Amino acid sequence: MPSYNPKVIEPRWQKLWEESKTFRTPDAANKPKYYILDMFPYPSGSGLHVGHPEGYTATDILARYKRMRGFNVLHPMGWDAFGLPAEQYAIQTGTHPAVTTQNNINTFRRQIKMLGFSYDWDREVDTTDPNYFKWTQWIFLVLFDTWYDAEQKKGRPISELPIPAEVKSQGDKAIRTYRDSKRLAYQAEVPVNWCPALGTVLANEEVIDGKSERGNHPVVRMPLKQWMLRITDYAERLLDDLDTVDWPVAIKEQQRNWIGKSEGAEVDFALPSEPEALAKRGPSSLTLQALTIRVFTTRPDTLFGATYMVLAPEHALVDAITTPAQAAAVAAYKKEAASKSDLERTELAKKKTGVFTGAYAINPVNGESIPIWIADYVLATYGTGAIMAVPAHDERDFEFARTYNLPIRPVVLPPKDWLEATKVFKVLQRFFKDPHYSAGMALIKDPKVSTLSQDEAALLGRMTSLLVRGFDNPLTMTEEIYRSWITTFAECFSDEGTAINSGSFTGQPTASFKASIIAWLEKEGKGKRKINYKLRDWLFSRQRYWGEPFPILHEIDSAGNPTGVIEALTASELPLELPKLEDYKPTGNPEPPLSKAKDWLFVEKNGKRYRRETNTMPQWAGSCWYYLRYLDAKNDKAFCDSAKLKQWLPVDLYVGGAEHAVLHLLYSRFWHKVLFDRGHVPCAEPFKRLVNQGMILGETRYYAGDTFYTEDEIVAEGGKYYKKDDRSVELTPRADKMSKSRGNVINPDDVVNQYGADSLRLYEMFMGPLEATKPWSMRGVEGVYRFLNRVWRLAIDDRHEAVKLLDAVQDVEPDKETLRLLHQTIQRVTDDLDTMSLNTAISAMMEFTNHLTKQTVRPRSVLKTLVLLLSPFAPHIAEELWQALAELPSPSGRGVGGEGNHTLAYEPWPTYDPNLLKADTIEVPVQINGKVKAKLTVAADIGKDALEQAARNDDKVKSQLEGKTIKKVIVVPGKLVNLVVG
RNA sequence: GCCGAAGUGGCGGAAUGGCAGACGCGCCGGACUCAAAAUCCGGUCCCCGCAAGGGGGUGUGGGUUCAAGUCCCACCUUCGGUACCA
């Protein structure tokens, strides 16, 4: 038997590790801690795919390496198990989602264990376990109990919220309402994506082109009372603290964009208060004169160019300001806008639409009366839902103004180089440089020949002299030119420049204008400095069964109607478990399925009647804090013991897919900061270092239209690809995402079956840099499998019946060369592990193996070191070889399983001696004018002068230098010699 | 459009500013074998040349430098994210 047989040795070692709990992590240890975390998976019904083991292998290698480096390593795994698929399955079959979920978890656990990861399984978590979600609910109660103190920039207990006197005077109910309005968890009426076919609300990311991601059902927008989390209060800190974490810049940038901080001003536009106008609108608009429309702008310096205003169709004041004459048109437009999803709105963004309300507002800087429109290019959810439109300097306003013929007034003069950078200018300039310019001019003016429009030709005429002069003299930008430019080329300028047409502010550059106008607005009480965020509050409730129930009660009166009073459960009442349902089918309306559980729904407490909250939490809830639960997974007194939090936090290394760049990672950070503010965790950021593994694509295929061929059916020639047996068709190579429909999914089970877990692990790391997107290749797996076979045969006699060392393995000192290469390999592998360059670490071991293969005598000590280096990558074969190579159980090895089985998992990591790295002689290239012309073999420690002499004396160099003079000599000892000749 | 990443052999990919293509795959040749598989040894960037040797070469065009895949400027392409955010 003992040729390399992963099918036998892998299960054997997995069993040993499991039975003796080799990787159990003690909480107390006199070692430095290292917390390595994987993004835990959603256990889907289709099982593990090869993308999962990529990150898991990388972290496992690091975990095993750090253990050998003497760290107390925490490396846990668990399940993000709430989610829609199990519920859909329940609807179809009646099987409880918990059953489906446990089956899927079992499959995932089996598959993950099959890969030999060194998780501490005693810390396994499952977000659907009541003992887990008890604490998810508990954290929700913390959010519910917290308000954000903007002055202290900190979340504080709701009991510490100062109650304004006028609220206090209105009694308990007012105080209650006031408190509820300040909590981090609050209820609000918001538009949601309701999918009637699925009977649920969907998250934005679950809606594609106005249809549900699953099943392609239509989705409508409707307002529903929802639970929201006030993440916007933490926007600034979520932004600032990005500077304190070691994350990929791309992810930080994505989070910054998502938070979307912009600085500017809020400006109030008053409505004119002519009594006549008011009377016409009837009693509903009696308060009109008190109304102002508040806008947010990042460009208060363009206020003088505001020629109209636009409200979002959903803006609260639309009906109040609309004149009777416009009422019908406005109503129709509002209806149309409401029926469109956000996506449809943006899809149809090419053409801007809108309707005049009939109302006017007063521009606070110049008292001008400007028309108010509604248009769906203004979003109700951003800023104040209303804008001042400056068509001369905003692309969107510009386009809208052109469509509806609204006035465009330039108030910012672009700098000169803006004009020169425009595409049109470049074309013109090229044209003017043309020696056939005069002839060209004649042609351009000839409408039969010219491709320019009449307007363009006219502008060309007007600008000719200016532009011609412009080659030699600086071009002067004037309002006249800018105006022509806008009208002719439909290009507006939206950057910073110099103010024109702006009253006493004229002449100021944009930056100083902004500052001075904000000061003016604040003095006049017409506006103020304002920072706005794109980030919106987090819609936290779902109309689903399979999620965490909210620990919230709604008080009801004797008729069963809600009184508006909400009460949180106490910690002692947790967990609030899900009721069993007979029928998981959607209710057909937005009433969540939990409303069907009549026994569960109503409770009496302190003599009052309550109805439970029937929404459930989104899937993100459980994954927001799972990294904390691992530290103390079985604690039933707290979500985690505080000493353990102090010991283990923050996570030292977090590895997962970039698809979670924003949502999961932002939500987690938010919860963590709230817990931090409330004193439950000891640090402000949860994940110190983050690494994203890249996506693994399917095997490269070679396409001709829709038909494709595999690598061995094609032939490459001159950078092009053809079918082997028919060269008439050129093929295009492409690697696609793995998907069932493309039929290119690689199943890890199959790979392990054929080559073993060690080969799968090794291949996934050898493919390329961890962060890179890379295509799968079965041939590549074969390659690393052959490598492991070679390592095996370095030590083991594969023709022998028992696992027996080859005679070549001897207790002798390694020769000089082998010793040098060994230490070099230790260095390379160690350095590569520290930088997570796992692909090159494997290359280094391959090179050393290739060297050893050629040796007829293989010192046992050398093989043992190689095995230790290999062990984090391919632990099973390493353990097996370690056992064969080690005559005695190593005293430092923790016993695993039965007699004679000793793991290498806690062996000290090999160290290298820098003095042994150097060879006695090295090859140094000699360049002449930067090109390598000769190579010298010299002593490694040769001095600068000696090296130059050696180069000059070299025959090849001499012949190259014949008849030339050396102008300069560069000698880099140990590296090269470069002779510069004339 | 904006933000981010990346462009290197037939393929995956290596290269603190210092010999481009490590390592693996594939391919070619050889050994072993009756034969095949497996394994082992050698070769393999392109062009000219029997060879010795010579020339070219890291998306494109410029630049810095004795020396550039690597640094700087401009552009092109691909991938990922995001998108009326005022």
Side-chain angles (χ1 to χ4, degrees), chain A residues 3 248-254 256-258 260-262 264 295-299 302 310 345-346 348-350 352 375-379 381-390 394-397 399-400 494 532-536 658-659 661-662 692 694-695 697 700 711-712 714-721 733 735 763 766-769 771-784 786-787 789-790 793 798 837 839-847 850 853-854 923-935 967-970 972 974-981:
Chain A
S3 54
V249 281
I251 301 288
K252 288 191 184 187
E253 213 37 50
Q254 273 187 62
R256 287 194 188 105
N257 289 340
W258 190 266
K261 178 178 182 174
S262 48
V295 301
F296 172 72
T297 176
T298 53
R299 293 295 300 269
T302 61
V310 186
R345 277 197 188 184
T346 55
L348 306 169
K350 291 137 212 158
K352 294 216 177 349
D376 65 5
Y377 83 89
V378 172
L379 305 175
T381 44
Y382 182 76
T384 61
I387 62 155
M388 64 175 205
V390 185
D394 182 283
E395 301 280 353
R396 298 149 301 179
D397 299 343
E399 202 187 311
F400 191 78
S494 51
N532 223 333
Y533 300 93
K534 215 158 78 176
L535 182 70
R536 298 173 203 172
E659 67 273 19
V662 176
N692 287 122
M695 203 191 336
L697 304 173
T700 304
E711 205 180 348
D712 19 45
I714 62 110
V715 63
E717 218 174 76
K720 293 179 175 174
Y721 307 88
Y763 174 65
F766 188 62
M767 290 173 86
E771 306 82 15
T773 302
K774 48 223 172 240
W776 187 265
S777 159
M778 256 333 168
R779 283 178 175 170
V781 185
E782 188 106 28
V784 295
R786 287 207 282 256
F787 162 65
N789 271 287
R790 283 204 299 279
R793 286 193 307 266
D798 61 352
S837 310
N839 53 333
T840 48
I842 295 166
S843 298
M845 290 185 281
M846 285 174 166
E847 285 177 58
N850 290 344
T853 302
K854 289 173 195 149
E923 207 175 55
V924 174
V926 181
Q927 297 181 336
I928 293 176
N929 286 342
K931 295 200 184 285
V932 180
K933 294 292 176 185
K935 286 175 182 178
K967 281 198 197 153
K968 193 170 177 180
V969 181
I970 290 100
V972 184
K975 282 286 181 190
L976 59 31
V977 179
N978 188 9
L979 304 170
V980 185
V981 301

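Since the structure is predicted, the reported quantities are computational estimates derived from the model, not experimental observations. Residue numbers start from 1 in every chain, and the chains themselves are labelled A, B, ... in the order their sequence lines are given, proteins ahead of strands.
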Sequence neighbours excluded, which residues qualify as salt bridge (charged side-chain N to carboxylate O under 4.0 Å, His left out) partners of A:Arg256? A:Asp243, A:Glu253
Pick base, sugar-phosphate or nothing for A:Glu923, based on heavy-atom distances below 4.0 Å to the nucleic acid. base
In whole angstrom, give me the gap between the P atoms of B:G26 and B:A74. 44 Å
Identify whether any heavy atom of A:Asn839 sits under 4.0 Å from a base atom; if not, whether one sits that close to sugar-phosphate; answer base, sugar-phosphate or nothing. sugar-phosphate
For the C1' atoms, the ones on B:U58 and on B:A6, what distance do you get once it is rounded to whole angstrom? 14 Å
Tell me whether the side-chain N or O atoms of A:Lys352 pair up with the base of B:C84 as donor and acceptor below 3.5 Å, since no angle test is needed here. yes
With heavy atoms under 4.0 Å as the rule, sort A:Thr700 into base, sugar-phosphate or nothing. nothing
For every nucleotide of nucleotides 51-56 of chain B, 5' to 3': is a protein heavy atom under 4.0 Å from its base (B), only from its sugar-phosphate (S), or from neither (-)? ---SS-
Can you pull every protein N or O that's under 3.5 Å from an N or O on nucleotides 63-67 of chain B?
{"from": "B:C66", "atom 1": "OP1", "to": "A:Lys968", "atom 2": "NZ", "distance (Å)": "3.4"}
{"from": "B:C66", "atom 1": "O2'", "to": "A:Asn978", "atom 2": "ND2", "distance (Å)": "3.3"}
{"from": "B:C66", "atom 1": "O2", "to": "A:Asn978", "atom 2": "ND2", "distance (Å)": "2.7"}

Under 4.0 Å between any heavy atoms, over every strand shown, what does A:Phe787 touch: base, sugar-phosphate, or nothing? Just pick one. nothing
Using the side-chain heavy atoms of A:Arg779, tell me which of these nucleotides is nearest: B:U16, B:G26, B:C23. B:G26
Under the salt bridge (charged side-chain N to carboxylate O under 4.0 Å, His left out) test, which residues partner A:Arg786, sequence neighbours left out? none
Taking atom C1' in both B:C72 and B:U64, what distance in whole Å separates the two? 7 Å
Output all residues satisfying salt bridge (charged side-chain N to carboxylate O under 4.0 Å, His left out) with A:Lys935, sequence neighbours left out; order by chain, then residue number. none
Protein N or O to nucleotides 39-43 of chain B N or O, pairs below 3.5 Å:
{"from": "B:U39", "atom 1": "O3'", "to": "A:Arg793", "atom 2": "NH2", "distance (Å)": "3.1"}
{"from": "B:C40", "atom 1": "OP1", "to": "A:Arg793", "atom 2": "NH2", "distance (Å)": "3.4"}

Who are the side-chain hydrogen bond (donor to acceptor under 3.5 Å, both in side chains) partners of A:Lys261, not counting sequence neighbours? A:Glu236
Any N/O pairs under 3.5 Å between the protein and nucleotides 76-81 of chain B? List them or say none.
{"from": "B:G81", "atom 1": "O2'", "to": "A:Gln254", "atom 2": "OE1", "distance (Å)": "3.2"}

Set of side chain to side chain contact (heavy atoms under 4.5 Å, CB included) partners for A:Asn850, sequence neighbours left out: A:Arg790
The ring pair (Phe, Tyr, Trp, His ring centres under 6.0 Å) partners of A:Tyr721 (sequence neighbours excluded) come to A:Tyr702
Not counting sequence neighbours, which residues clear ring pair (Phe, Tyr, Trp, His ring centres under 6.0 Å) with A:Trp776? List them please. A:Tyr763
Residues which pass salt bridge (charged side-chain N to carboxylate O under 4.0 Å, His left out) with A:Glu847, listed by chain and number, not counting sequence neighbours: A:Arg828
Need the pair for B:A15. Rule: Watson-Crick or G-U wobble, both distances under 3.5 Å, any strand; none if unpaired. none
With rounding to whole Å, what would you report as the distance between B:G43 and B:C34 at their P atoms? 28 Å
